[in-house]
Number of protein chains: 2
Amino acid sequence: MFRVLPPPEIDYRAELPPHQQIIDWVRASIEAGELRPGQVIPSEKEMTQVLGVARTTVRRAVGKLREEGIIYTVPGRGSYVARR
Amino acid sequence: MFRVLPPPEIDYRAELPPHQQIIDWVRASIEAGELRPGQVIPSEKEMTQVLGVARTTVRRAVGKLREEGIIYTVPGRGSYVARR
DNA sequence: AGTAATTTGTTCGTATGTATC
DNA sequence: AGATACATACGAACAAATTAC
């Protein structure tokens, strides 16, 4: 039923900053096969809700995933797992 | 002639943020009897025009009024003053 | 029946200000 | 000083529901 792995409890005192914890979560979801190439990932709004963080934090994570070529984004539609 | 009280001048430097000023305006319109239960409130587009704010700001106000049960919304139709 | 217009829903892009560490 | 996070606002595009003609 999960489109992704269960969202992590964001720990603001951990070594890794919140946005990095989000990145790790999405990457793990992809590697686990929960998120497959071509599939849309949870929207920024959804992630802010399930993670309990601000949109800017989610966007930082999404932006870095995009820079790494892990995902690609279509404005107004969402972000998708890159085929590769 | 007014469907609502005269729209407020939105003050971006006030203590209350713009969306809260909009909420207060709608609530005052209801309490003043200009907007009655079952009546439709101005559309999001109308409010953006008379208030001079972005739709996202109007939607934030409308969303909170809905959460409070002050109004209810029918997609494609509009938002109405709740009966209560 | 069918198309256009209206209205709300969703999503991303961007910017500013404040606060914390 | 710098990085990070939060809250709020702007704009834009497209989808979906409803209404009007």
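The model shown is predicted, which means the values in this text are computed figures rather than measured ones. Below, read A as the first sequence line, B as the second, and so on, with proteins coming before strands; counting in each chain starts at 1.
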Report task. Whole angstrom is fine here: how far is it from OH in A:Tyr12 over to P in C:dC21? Result -> 12 Å
Report summary line: By nearest-heavy-atom nucleotide on DNA chain D, the more 5' of A:Lys64 and B:Ala54 is A:Lys64
Query raised in the report: Looking at the side chain of A:Val53, which of C:dT7, D:dT8, D:dC6 is the nearest nucleotide?
Result: D:dC6
Query raised in the report: Starting at NZ of B:Lys45 and ending at C1' of D:dA12, how long is that distance when rounded to a whole Å?
Result: 15 Å
Report task. Rounded to the nearest angstrom, tell me the gap between atom CD in B:Gln49 and atom P in C:dT6. Result -> 11 Å
Report task. Select base, sugar-phosphate, or nothing to describe what A:Thr56 touches, counting heavy atoms under 4.0 Å on all strands. Result -> base
Query raised in the report: Under 4.0 Å between a side-chain N or O of A:Ser43 and OP1 or OP2 of C:dT10?
Result: no
Requested in this report: Any chance you could measure A:Arg36, atom CZ, to A:Arg83, atom CZ, to the nearest 0.5 Å?
Outcome: 12.5 Å
Report summary line: Picking from C:dT8, D:dT4, C:dC12, the nucleotide nearest the side-chain atoms of A:Ser79 would be C:dC12
Query raised in the report: Is A:Arg66 near enough to C:dG13 that one of its side-chain N or O atoms lies under 4.0 angstrom from OP1 or OP2?
Result: yes
Requested in this report: Round to the nearest Å and state the distance from A:His19 atom NE2 to D:dC6 atom C1'.
Outcome: 15 Å
Query raised in the report: Just how far, in rounded Å, is P of C:dT11 from OH of A:Tyr80?
Result: 10 Å
Report task. Let me know the distance between CZ of B:Arg55 and C1' of C:dG9, rounded to the nearest Å. Result -> 7 Å
Query raised in the report: Do A:Leu5 and A:Val53 belong together in a cluster built from hydrophobic side chains that touch within less than 4.5 Å?
Result: yes
Report task. For residues A:Gln21 and A:Asp11, report the shortest heavy-atom separation together with the two atoms involved. Result -> NE2-O, 2.8 Å
**Report entry** B:Val50 with B:Val58, same ILVMFWY side-chain cluster at under 4.5 Å
**Finding:** yes
Report task. Output the single nucleotide from C:dG9, C:dG13, D:dA5 whose closest atom is nearest the side chain of B:Glu44. Result -> C:dG9
Query raised in the report: Taking protein heavy atoms under 4.0 Å as touching, what does nucleotides 16-21 of chain D look like 5' to 3' if B marks base contact, S marks sugar-phosphate-only contact and - marks none?
Result: -BSS--
Requested in this report: Can you see which heavy atom on A:Ile10 is nearest to which on A:Leu51, and at what distance?
Outcome: CG1-O, 3.8 Å
Requested in this report: Assess the side chains of A:Thr48 and A:Arg55: does a donor N or O sit below 3.5 Å from an acceptor N or O?
Outcome: no
Requested in this report: Could you check how far CD of B:Gln20 sits from C1' of D:dA7, rounded to whole Å?
Outcome: 14 Å
**Report entry** Approximate separation, where rounding is to 0.5 Å, of B:Asp24 CG and B:Ser29 OG
**Finding:** 10.5 Å
Requested in this report: Round to a whole Å and report the spacing from CZ of A:Arg59 to C1' of D:dA7.
Outcome: 15 Å
